[in-house]
Amino acid sequence: MEDKHELSVQVGRRIGVRLRQGITVEALAEAADISVQYVSEIERGKKNMTIPILRNMVQALHTSSDYLLFGRTEVDPVCETVARRMSSLLPVERDLVAT
């Protein structure tokens with residue numbers, strides 16, 4: 001069984017996928033409904049997140065909980081392209097697209 005701290009570090013590194021998607025720490029914090037500092041601490045493996053925050057992170061990063069928790073990747077290139085384009089929209093524009 002993995003050490004809890006090592007698991008937190010691995011999950012934090014996977015959350016770093018936001019950089020490839022062009023998602024700022026501020027945007028991720030807003031989407032996850034947490035502070036920028038808390039996102040930073042999660043990314044560095046210093047803090048853990050609750051299930052609701054995990055759900056918000058998964059949605060904001062357009063990824064799966066399998067990826068964040070276990071590193072499993074089954075990314076559809078079309079979904080990745082859409083996610084990248086969506087991340088460049090203003091929040092009001094994203095809301096319009098989502099409805």
Side-chain angles (χ1 to χ4, degrees):
M1 186 148 162
E2 272 184 278
D3 172 271
K4 288 181 186 180
H5 175 71
E6 180 58 30
L7 178 59
S8 295
V9 169
Q10 289 176 10
V11 169
R13 284 184 189 140
R14 291 183 197 119
I15 288 172
V17 73
R18 72 174 176 78
L19 296 170
R20 287 193 310 253
Q21 295 178 356
I23 299 173
T24 65
V25 68
E26 293 84 5
L28 182 55
E30 182 180 331
D33 198 27
I34 58 176
S35 72
V36 170
Q37 181 175 345
Y38 192 26
V39 171
S40 177
E41 290 172 338
I42 292 169
E43 285 185 338
R44 290 180 288 134
K46 303 288 184 192
K47 296 276 185 175
N48 294 313
M49 61 186 125
T50 63
I51 300 275
I53 292 171
L54 173 64
R55 183 191 62 212
N56 292 347
M57 290 274 196
V58 164
Q59 290 173 336
L61 295 170
H62 310 286
T63 191
S64 69
S65 57
D66 274 355
Y67 173 70
L68 289 185
L69 296 173
F70 304 105
R72 296 182 191 139
T73 58
E74 295 179 15
V75 178
D76 180 345
V78 173
C79 290
E80 193 170 85
T81 300
V82 170
R84 193 172 18 311
R85 289 181 181 167
M86 290 275 298
S87 69
S88 68
L89 298 175
L90 297 172
V92 70
E93 293 170 324
R94 279 194 299 267
D95 290 345
L96 288 171
V97 171
T99 57

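Counting heavy-atom neighbours within 6.0 Å of Asp66 CG, excluding the residue itself, gives a total above 12. Atom CZ of Arg85 is surrounded by 12 or fewer heavy atoms from other residues, nucleotides or ligands within 6.0 Å. Annotation for Leu96: atom CG counts as buried by contact number, over 12 foreign heavy atoms lying within 6.0 Å.
A continuous path of hydrophobic side-chain contacts links Val17 to Ile23 [ILVMFWY only; heavy atoms under 4.5 Å]. Two different hydrophobic clusters hold Leu19 and Tyr67 under the rule that ILVMFWY side chains link at heavy-atom gaps under 4.5 Å.
Interatomic distance, OG of Ser87 versus NE2 of His62, reported as 6.5 Å (0.5 Å rounding). A distance of 12.5 Å separates NZ of Lys46 from CD of Gln37, quoted to the nearest 0.5 Å. Taking OG1 from Thr50 and CZ from Arg55, the interatomic distance works out to 9.0 Å, rounded to the nearest 0.5 Å. Distance check: Ile34 CD1 to Met57 CE gives 4.0 Å after rounding to the nearest 0.5 Å. Here Glu93 contributes atom CD and Ser88 contributes atom OG; the two are 8.0 Å apart, rounded to the nearest 0.5 Å. Note that CG of Leu61 and CZ of Arg20 are 10.5 Å apart. Values are rounded to the nearest 0.5 Å.
Ser40 contributes no side-chain N or O that, together with a main-chain N or O of Val36, makes up a donor-acceptor pair within less than 3.5 Å.
Across all non-hydrogen atoms, the minimal contact from Leu7 to Leu69 is CD1-O, 4.0 Å. Considering every non-hydrogen atom in both Leu89 and Arg94, the closest pair reads O-NH1, 2.7 Å. Asn48 and Tyr38 make their closest contact through O-OH, 2.6 Å (heavy atoms, listed as atom of the first residue, atom of the second, distance). In terms of heavy-atom proximity, Leu54 sits nearest to Met49 at CA-SD, 3.7 Å. Taking each heavy atom of Leu68 and Arg14 in turn, the nearest pair found is O-NH1, 3.0 Å. For the residue pair Ala60 and Ala31, the shortest heavy atom distance occurs at CB-CB, 3.4 Å.
A side-chain contact (heavy atoms from CB on, under 4.5 Å) with Val39 is found for one member of Val25, Ile53, Thr24 and no other, namely Val25.
Proximity of Gln21 to Leu28: side-chain heavy atoms (C-beta onward) are nowhere separated by under 4.5 Å.
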